[in-house]
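Take a look at the structure below.
By convention in this document, chain letters (A, B, ...) are assigned in the order of the sequence lines, proteins followed by strands, and residues within each chain are numbered from 1.
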Amino acid sequence: MKNMTTKQISQYLEKVDIHAFRRELITWFESEMRDLPWRQDQDPYKVWVSEIMLQQTKVDTVIPYFNRFMEQFPTVHDLAEAEEQQVLKAWEGLGYYSRARNLQNAVQEVVATYGGKVPDNEEQLSSLKGIGPYTKGAILSIAYNQPEPAVDGNVMRVLSRIYFIEEDIAKPKARKTFEAILRELIDPDNPSYFNQGLMELGALVCTPKSPSCLLCPVQAHCEGFKLGRQTELPIKITKKKKNVKRYWALVIENTKGDVLIEKRPDSGLLANLWQFPMMDLSDVDPEFAKQWIQQAYGLSVTVGHKLTDINHVFSHLTWDLEVIRCKTDDSLSLDPDDVCFVSKTHIDDYPFPVSHQKIRQILLNEQS
DNA sequence: TACGCGTGGTC
DNA sequence: TGACCAAGCGT
């Protein structure tokens, strides 16, 4: 209920030799840092794109996406001018797709308002879609070498162990505590390597389970290790079990062998991605599927057999899909920007969520 | 503040 | 195998 006081911050800070900590962390980072594509230079655009992709996403997953993205959109101008569908296609499979749409929106803002130069100050960066406190600090410190904190999950884990901080890091206000500490602890001579070093340490050594304390360059400064209680930290209270939603996913094939796909709504889950029609089984009894399809798409169909079951787990819910094959002799009279029949040779041009990629793959396998 | 928002790897 | 986890942000 009350904020961390200056005095409490001071009590944490007294626990470590700040100058030794900085030196040992940065020396370790210089010798151990991974050779990653976004570390080739300090291009603020590359730093920005990499930080967005890395949100809640592992380095190994990001690398191929980052490389393809930079080939396709080498500068802010290329990304600003691209079709949104093209950007989503480049993001396909990476998840959290609003990151891609917000990134493009922000890049367009940078081109329109700042002449294509990525801002180097808090106010302007913060106003851009998709740039929150962490990403702002990461860009300022890594691209512009400014002494700004960049508090992510790694940093909270590492510092909670170093200082034995028992705050619940799941709570938004915990970030403030770590930022306050970092404003004192960050190395003003090399904020870039300091911040990256802290994150790299969290990724390689000070890992969530079984951290490699014996290899840790700052073990001597770690309260958690001294107490033998490093694995108790950080404290992170989660809960909330997932809902399960059941659907029929419809593979509706016309006489040409093309299949019906539709664009999802422009907000919410998987916004603006494409999918096979989804019939919500909590709304529609399978017995009335034919009528529902007629109503929704204006198509008269024969309902065929089940192709497969797909169980897809999201961060916050689960989909149970029954994939049902249908046939129709009708053609479509709806807006082709939202729903269309597509040939199996062109279906791959559309961005699909992973759950529906599985259906797409089944159809493509049938082809060959 | 709490929750919605993806995916793949790990144990 | 299901729960947990990973370089967060928008609302």
Side-chain angles (χ1 to χ4, degrees), chain A residues 1 33-34 36-39 46-66 88 91-103 105-106 125-139 141-143 149-158 168-176 178-179 192 195-204 206-211 234 236-245 264-273 275 310-319 351-358:
Chain A
M1 76 183 242
M33 69 170 149
R34 290 167 291 179
L36 301 172
W38 47 89
R39 286 180 176 162
K46 291 184 196 167
V47 172
W48 182 5
V49 171
S50 70
E51 291 302 339
I52 300 297
M53 287 188 170
L54 285 163
Q55 289 171 6
Q56 304 289 284
T57 312
K58 294 230 191 297
V59 164
D60 289 344
T61 303
V62 166
I63 289 173
Y65 282 92
F66 178 83
L88 285 173
W91 212 270
E92 184 185 58
L94 196 52
Y96 287 141
Y97 299 95
S98 67
R99 291 184 296 177
R101 299 195 305 131
N102 287 338
L103 174 61
N105 176 293
L125 279 176
S126 293
S127 73
L128 297 171
K129 280 240 175 64
I131 299 188
Y134 163 73
T135 304
K136 176 189 68 183
I139 292 172
S141 62
I142 298 172
V151 179
D152 68 347
N154 284 314
V155 169
M156 289 196 282
R157 182 172 60 257
V158 171
D168 178 6
I169 66 164
K171 300 222 178 294
K173 79 177 207 188
R175 202 194 73 246
K176 304 263 185 199
F178 294 99
E179 281 180 355
S192 171
N195 280 351
Q196 291 188 74
L198 222 40
M199 291 188 275
E200 196 83 338
L201 188 68
L204 300 179
C206 195
T207 49
K209 347 196 149 188
S210 56
K236 186 176 180 181
I237 300 173
T238 60
K239 40 179 174 303
K240 182 94 173 152
K241 70 184 232 304
K242 308 184 204 299
N243 288 334
V244 178
K245 296 224 49 169
R264 291 180 59 83
D266 64 9
S267 66
L269 182 63
L270 306 169
N272 285 359
L273 272 69
Q275 66 179 10
I310 292 172
N311 179 273
H312 191 80
V313 179
F314 295 94
S315 50
H316 58 301
L317 69 99
T318 297
W319 277 358
F352 276 64
V354 167
S355 50
H356 284 245
Q357 287 176 38
K358 293 172 185 167

Taking atom NZ as the centre, does A:Lys358 end up with more than 12 heavy-atom neighbours from other residues, nucleotides or ligands that are less than 6.0 angstrom away? yes

Of all the nucleotides listed (B:dG8, C:dA6, B:dC5), which has the minimum atom distance to the side chain of A:Arg157? C:dA6

Do any side-chain nitrogens or oxygens of A:His316 fall under 4.0 Å of OP1 or OP2 in B:dG4? no

OP1 or OP2 of B:dG4 versus the side-chain N and O atoms of A:Tyr96: is any pair under 4.0 Å? no

To the nearest 0.5 Å, how far apart are CG in A:Asp60 and CZ in A:Arg34? 7.5 Å

Using a heavy-atom cut-off of under 4.0 Å over every strand shown, decide if A:Val155 touches base, sugar-phosphate, or nothing. nothing

Could you please name the option among B:dT7, B:dG8, C:dC9 that lies closest to any side-chain atom of A:Gln55? C:dC9

note: A:Lys129, atom NZ; C:dG8, atom C1'; distance rounded to Å ~ 16 Å

Given the P atoms of B:dG6 and C:dT11, what is the spacing between them in whole Å? 14 Å

With heavy atoms under 4.0 Å as the rule, sort A:Val62 into base, sugar-phosphate or nothing. nothing

Taking CD from A:Glu200 and P from C:dA6, how many angstroms apart are they, rounded to a whole number? 15 Å

Assign each of A:Ala271 and A:Ala170 the nucleotide of DNA chain B bearing its closest heavy atom; nearer the 5' end lies the nucleotide of A:Ala170

Proximity to the side chain of A:Pro133 - top-ranked nucleotide from B:dT7, C:dC9, B:dA2: C:dC9

For the C1' atoms, the ones on B:dT1 and on C:dA6, what distance do you get once it is rounded to whole angstrom? 23 Å

Could you give the distance from CZ (A:Phe178) to CG (A:Leu198), rounded to the nearest 0.5 Å? 10.5 Å

To the nearest angstrom, how far is A:Asp266 atom CG from B:dG4 atom P? 20 Å

So what does A:Lys236 touch, heavy atoms closer than 4.0 Å: a base, only the sugar-phosphate, or nothing? sugar-phosphate

Gap between atoms CG and P, on A:Leu94 and C:dA6 respectively (whole Å): 17 Å

Please round to the nearest 0.5 Å and tell me the distance separating atom NE2 of A:His312 and atom NE2 of A:His356. 9.0 Å

Of the nucleotides C:dC5, B:dT1, B:dG6, which one has an atom closest to the side chain of A:Arg99? B:dG6

Measure from the side-chain heavy atoms of A:Leu317 and tell me the nearest of B:dC5, B:dT7, C:dA6. B:dC5

Decide yes or no, distance alone: a donor-acceptor N/O pair under 3.5 angstrom between the base of C:dG8 and the side-chain of A:Thr135. no

Counting side-chain heavy atoms from CB outward, which of C:dC5, B:dC5, C:dG8 is closest to A:Pro208? C:dC5

As an exercise, state the distance from OG1 of A:Thr57 to CZ of A:Arg99, rounded to the nearest 0.5 Å. 4.0 Å

On DNA chain C, nearest-nucleotide positions of A:Leu54 versus A:Leu128: which is more 5'? A:Leu54

Under 4.0 Å, counting only non-hydrogen atoms across every strand here, what does A:Arg264 touch: a base, just sugar-phosphate, or nothing? nothing

Any chance the side chains of A:Tyr134 and A:Gln55 put a donor and an acceptor closer than 3.5 Å? no

Check every strand shown and say whether A:Ile131 touches a base, only sugar-phosphate, or nothing at a heavy-atom separation below 4.0 Å. sugar-phosphate

dist A:Trp38:CH2 -> A:Lys46:NZ (nearest 0.5 Å) comes out at 12.5 Å

If you look at every strand shown and take non-hydrogen atoms under 4.0 Å, does A:Gly268 touch a base, only sugar-phosphate, or nothing? sugar-phosphate

Between P on C:dC4 and CD1 on A:Ile237, what's the gap in Å once rounded to a whole number? 13 Å

In whole angstrom, give the distance that lies between atom NE2 of A:His312 and atom P of C:dG2. 15 Å

Give the rounded distance in Å between these two atoms: OH of A:Tyr134 and P of C:dA6. 14 Å

Taking only the side-chain heavy atoms of A:Pro172 (C-beta and beyond), determine which of C:dC9, B:dT1, B:dG6 contains the nearest atom. B:dT1

Using a 4.0 Å heavy-atom cut-off across all strands, classify A:Leu273 as base, sugar-phosphate, or nothing. nothing

Name the nucleic acid region contacted by A:Thr61, choosing base, sugar-phosphate or nothing; use a 4.0 angstrom heavy-atom cut-off, strictly under. nothing

For A:Arg34 and A:Asn102, find the nucleotide of DNA chain C closest to each by heavy atoms; which residue's nucleotide sits nearer the 5' end? A:Arg34

A:Lys171 has a side chain; which of C:dG8, B:dT7, B:dA2 sits nearest to it? B:dA2

Between A:Leu269 (CG) and C:dC9 (C1'), how many Å, whole number? 16 Å

